Amino acid sequence: MSISLKFPDGAERSYDDGVTPLAVAEGISKSLAKKVVAAKIDGAWWDLTRPLEGGGKFELVMRDSADGLEVLRHDAAHVLAQAVQELFPGTQVTFGPVTEDGFYYDFARDEPFSTDDFERIEKRMKEIVDADLPIIRKVWEKEAAIAHFKSIGEIYKAETIDEVIKPGDAITVYSHGDKWGDLCRGPHLPSTGKLGKAFKLMKLAGAYWRGDQNNQQLQRIYGTAWADEKQLEEYLKRLEEAEKRDHRKLGRQMDLFHMQEEGRGMVFWHEKGLMLWRTIEAYMRRRLDAAGYVEVRTPQVLDRVFWEKSGHWDKYRPNMFVCETVEGETLSLKPMNCPGHVQIFKFGQKSYRDLPLRMAEFGACHRYEPSGSLHGLMRVRAFTQDDAHIFCREDQIEEETTRFIKLAASIHADFGMASDKIALATRPEVRAGSDEFWDKAEAQMLNAARAAGVEPVIAEGDGAFYAPKLDFSVKDAIGREWTIGTIQLDYVLPDRLDAEYVGEDGAKHRPVMLHRAILGSLERFIGILIENVAGAFPMWLAPVQVVVATITQEADAYAQQAADEMRAAGLRVQLDLRNEKVGYKIREHSLAKTPVIAVVGRKEAEERKLALRRFGSDAQDVVGLDAAVAALVAEATPPDLKRM
RNA sequence: GCCGCCAUAGCUCAGCUGGUAGAGCACCUGAUUUGUAAUCAGGGGGUCACAGGUUCGAGUCCUGUUGGCGGCACCA
């Protein structure tokens, strides 16, 4: 018997039945066989040393490919688990998957690990690699596997098998020689030696069993693993570079904002940070005006009774900042703007002719977020949403959603920030409404997205309890994802708060609400923005767009005049008349990432010129003052105004 | 909130096994009037996060609190 393998280059060759992928690779070339870590047959993973059971599309997976790294990291996780169990007897293994840049493994152990243990664990891992233990795949009966893991005290493993595997089905166990074994889907390397030593343990964290807060907390060890030392070093360097972009660090260095103990999760915006804010807010107002929104403002603090009506008192109370007055009233700062907007909608009578009504507010909300979730500007307790609620008829939902997605995409693009991910968050387990309702609502969101040319990924079960939503997220400097834009369907609140409009038929109808935000919150958005541009803001956003720096006091009067003219033309200018050398001033303003430094010496003063130096370049551009001002004004024009 | 780590001058950090706090930058003063990424000299500044404890003696060891960081959970 022979089998036929189709290679990616189109070639087709036949082999003896039972040939291993490794043998196939060796037949092609020795050096290839060295770099191969696994195989795929018709897209399904296959271990190198496992005899093929049939022909098909055949692919060798190389150690430095994305797939290959996944195999290496999976093995690294197993080697980590073995090392930990050898060094810390009594530790139970639970679960150890691959992540974007590495892997982790969750352990159950009463004594906490410490990062001081990492050195020992890594050393043992390297010993396991040196021992080059063969990695053996075994197929077990489910019940036998459960009995086995129970007998060696691996309660979590037994539980996993019991719940994940169907009765009667077989499972695969991979073992390192006769020393250590773990339930695993595979594939794995032929032996531990193939892993290499380009791995490193990174951090230690608590993690709940099965991601559920009510379960026992396990200890998670994170690591990274790469095809070779060079890749590992590059990765570590990348992390270091990313740290320099951290908005918390840049926020302090660039004097944008600060936070302090007495106001956890609250931002003190300094003048430069607020200038960013104002610029963004002004831009957003223009875009919203143009897109047919109206802007409103609703109260910051409202009576408890109000929040009871809206349902927040019931569902959201733990997150609300509540206060009592001397006269005995109970009030709460608003955690959301929506109920307030419904009040404006309800004021007077609305007709179907008023719909869709797009009501926007730069709404300052307060939420008591769990202390452990606070994170710089990304997660705060007082934040301003670029919030809006679109009141519309059911048949307008898709059209409005499509319009919103297009607007959001255009705005994100103006900030140089395409979303990394658009997710459709679908029905959660605990939900209101019938399956019919959810089928329809999810289809509406999906259709609307597609009509806008967007294919969302599905975030199973992430929807609000009353409706699905689309989330637009972007990554920060070190790869954490944050939701910025969002659009969320809502049939419940208009009902609760009794919003209605008069339809064509003269009868009263319930409007639907679309909650939506494009930037999410100004705070988070600015945080992301800082990290995206590494503090070097484009001209239109830079808090200080131009610094006029003198070389000698003789140029002071002219520098002052040049700065005045720029300011009059609408530029944000700073004047540096200090008694310092130009080199010193250039260095300082370059480090501050100022887009343009206009240097003025005796020569420029005499000729009424400016020597312009742009961020990121050391070229000097000597231009007449009027021409320079005109050019800078053009450069500083916000993208939406540039298009007009 | 939970788990681990951390906390020294405005910032970045040094301070070995306990012996009474130091650097660079920043800041202030003076000199220098300077041509594209740091001019020189002098000076001020710290209840070593806070509260207890051990000790003849604590920045250093122990306990607690607060806050920060990294995850988990929760979320714009």
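Here is the naming used below: chain letters follow the sequence lines, and residue numbers restart at 1 for every chain. Here the structure is a predicted model, which is why all the values come from computation and not from measurement.
Within 4.0 Å of Gly485(A), counting heavy atoms only, lies no atom of the nucleic acid at all. Among the protein residues, Glu580(A) comes within range of the nucleic acid bases, having at least one heavy atom under 4.0 Å from a base atom. Here Tyr104(A) lies out of heavy-atom contact (under 4.0 Å) with every strand.
With distances taken from any side-chain atom of Arg587(A) to the nucleotides A37(B), U33(B), G71(B), the minimum falls on A37(B). Counting only heavy atoms from C-beta on, Ala611(A) has its side chain closest to U36(B) among A76(B), A73(B), U36(B). The Arg220(A) side chain lies nearest to G71(B) when the options are A37(B), C74(B), G71(B). Set against U33(B), U36(B), G4(B), the side chain of Thr552(A) has U33(B) as its closest nucleotide. Residue Pro370(A) places its side chain closer to C74(B) than to any other of G70(B), C74(B), C5(B). Between G1(B), U36(B), U66(B), one nucleotide has an atom nearer to the side chain of Val599(A) than all others, and that is U36(B). For Gln213(A), taking side-chain heavy atoms from C-beta onward, the closest of the listed nucleotides G35(B), A73(B), G67(B) is A73(B). Side chain of Ile551(A), nearest nucleotide from G35(B), C72(B), G71(B): G35(B). Of all nucleotides listed (G4(B), G1(B), G35(B)), G35(B) comes nearest to the side chain of Val582(A). For Glu261(A), counting side-chain heavy atoms from C-beta on, the closest listed nucleotide (C5(B), A76(B), U66(B)) is U66(B).
Note on Arg613(A): a side-chain N or O is less than 4.0 Å away from OP1 or OP2 of A37(B). A close approach under 4.0 Å does not occur between any side-chain nitrogen or oxygen of Arg379(A) and OP1 or OP2 of A76(B). Taking side-chain N and O atoms only, Arg264(A) has no distance below 4.0 Å to OP1 or OP2 of U66(B). For the pair Lys585(A) and A38(B), the criterion of a side-chain N or O lying under 4.0 Å from OP1 or OP2 is not met. An OP1 or OP2 oxygen of U12(B) is reached within less than 4.0 angstrom by a side-chain nitrogen or oxygen of Arg252(A). Between Arg480(A) and the phosphate of G71(B), there is a side-chain N or O to OP1/OP2 separation shorter than 4.0 Å. Between G1(B) and Ser371(A), a contact under 4.0 Å exists linking OP1 or OP2 to a side-chain N or O. The phosphate of U36(B) has neither OP1 nor OP2 within less than 4.0 Å of any side-chain N or O from His589(A). For the OP1/OP2 pair of C69(B) and a distance below 4.0 Å, the side-chain nitrogens and oxygens of Arg248(A) include at least one atom meeting the criterion. Contact between the side-chain N/O atoms of Tyr584(A) and the OP1/OP2 oxygens of A26(B) is found at a separation under 4.0 Å. A close approach under 4.0 Å does occur between a side-chain nitrogen or oxygen of Tyr222(A) and OP1 or OP2 of C72(B).
In the model, Gln488(A) has a side-chain atom that pairs as donor or acceptor with a side-chain atom of Tyr466(A) under 3.5 Å.
Using N1 to N3 plus N6-O4 or O6-N4 for Watson-Crick, or N1-O2 and O6-N3 for G-U wobble, each under 3.5 Å, C25(B) pairs with G10(B). Searching all strands for a Watson-Crick or G-U wobble partner of C40(B) with both distances below 3.5 Å returns G30(B). Nucleotide C72(B) has G1(B) as its partner under the Watson-Crick or G-U criteria, with both atom distances under 3.5 Å. Nucleotide G57(B): unpaired (no Watson-Crick or G-U wobble partner with both distances less than 3.5 Å). Pair check for G46(B) finds none; no Watson-Crick or G-U wobble contact set falls under 3.5 Å.
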side-chain contact (heavy atoms from CB on, under 4.5 Å) between Leu529(A) and Met417(A), worked out:
CA-CA 8 Å; Leu529(A) 183 66; Met417(A) 204 189 278; 3.9 Å; yes

Please lay out, stage by stage, how Phe88(A) and Phe107(A) fare under the test ring-ring contact (aromatic ring centres under 6.0 Å, His included).
CA-CA 11 Å; Phe88(A) 306 94; Phe107(A) 298 99; 8.9 Å; no

side-chain contact (heavy atoms from CB on, under 4.5 Å) between Met259(A) and Val380(A): does it pass, once the steps are laid out?
CA-CA 10 Å; Met259(A) 294 169 148; Val380(A) 289; 3.5 Å; yes

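The same atom, C1', is picked in U54(B) and in C62(B); the two are 7 Å apart, to the nearest Å. A distance of about 8 Å separates the P atoms of A49(B) and U60(B), rounded to the whole Å. Spacing between G57(B) and G10(B) at atom C1', rounded to whole Å, works out to 32 Å. As rounded to the nearest Å, G22(B) and U8(B) have C1' atoms that lie 10 Å from one another. With C1' as the reference atom, A26(B) and G45(B) are 12 Å apart, rounded to whole Å. Rounded to whole Å, the P atom of U36(B) lies 23 Å from the corresponding atom of C27(B). To the nearest whole angstrom, the two C1' atoms, one in C13(B) and one in G53(B), are 30 Å apart. For the P atoms, the distance linking G1(B) with G19(B) amounts to 37 Å, nearest Å.
Side-chain atoms of Tyr208(A) come within donor-acceptor range of the base of G1(B), with a qualifying N/O pair under 3.5 Å. The base of G35(B) lies close enough to the side chain of Glu604(A) for a donor and an acceptor atom to sit less than 3.5 Å apart.
In this structure, Gln219(A) atom CD and C72(B) atom C1' are separated by 13 Å, rounded to whole Å. For Glu481(A) and C74(B), the CD to P distance is 15 Å, given to the nearest whole Å. The distance between atom CD1 of Ile478(A) and atom C1' of G70(B), rounded to the nearest whole Å, is 8 Å. Here the P atom of nucleotide G1(B) and the CZ atom of Arg381(A) are 7 Å apart, to the nearest Å. Separating the CZ atom of Arg602(A) from the P atom of U36(B) is a distance of 15 Å, rounded to the nearest angstrom. Separating the CD atom of Glu588(A) from the P atom of A26(B) is a distance of 8 Å, rounded to the nearest angstrom. In this structure, NZ of Lys469(A) is placed 4 Å from P of A76(B), rounded to the nearest angstrom.
Considering Arg245(A), Arg238(A), Lys244(A) as possible partners of Glu241(A), the one that fulfils the side-chain hydrogen bond (donor to acceptor under 3.5 Å, both in side chains) test is Lys244(A). Exactly one residue among Arg516(A), Arg297(A), Lys334(A) makes a salt bridge (charged side-chain N to carboxylate O under 4.0 Å, His left out) with Glu361(A). That residue is Lys334(A).
Taking the six-membered ring where tryptophan is involved, the planes of Tyr222(A) and Tyr104(A) are tilted, since the angle between them lies from 30° to 60°.
Between Phe415(A) and Tyr283(A), the gap from one ring centroid to the other is short of 6.0 Å.
Stacking is not found between Trp482(A) and the pyrimidine-like six-membered ring of the A76(B) base under the 5.5 Å centre-distance and 30° plane-angle cut-offs.
Taking each heavy atom of Leu302(A) and Trp307(A) in turn, the nearest pair found is O-NE1, 3.2 Å.
Ile526(A) contributes atom CD1, which lies 9.0 Å from atom CG of Leu519(A) (distance to the nearest 0.5 angstrom).
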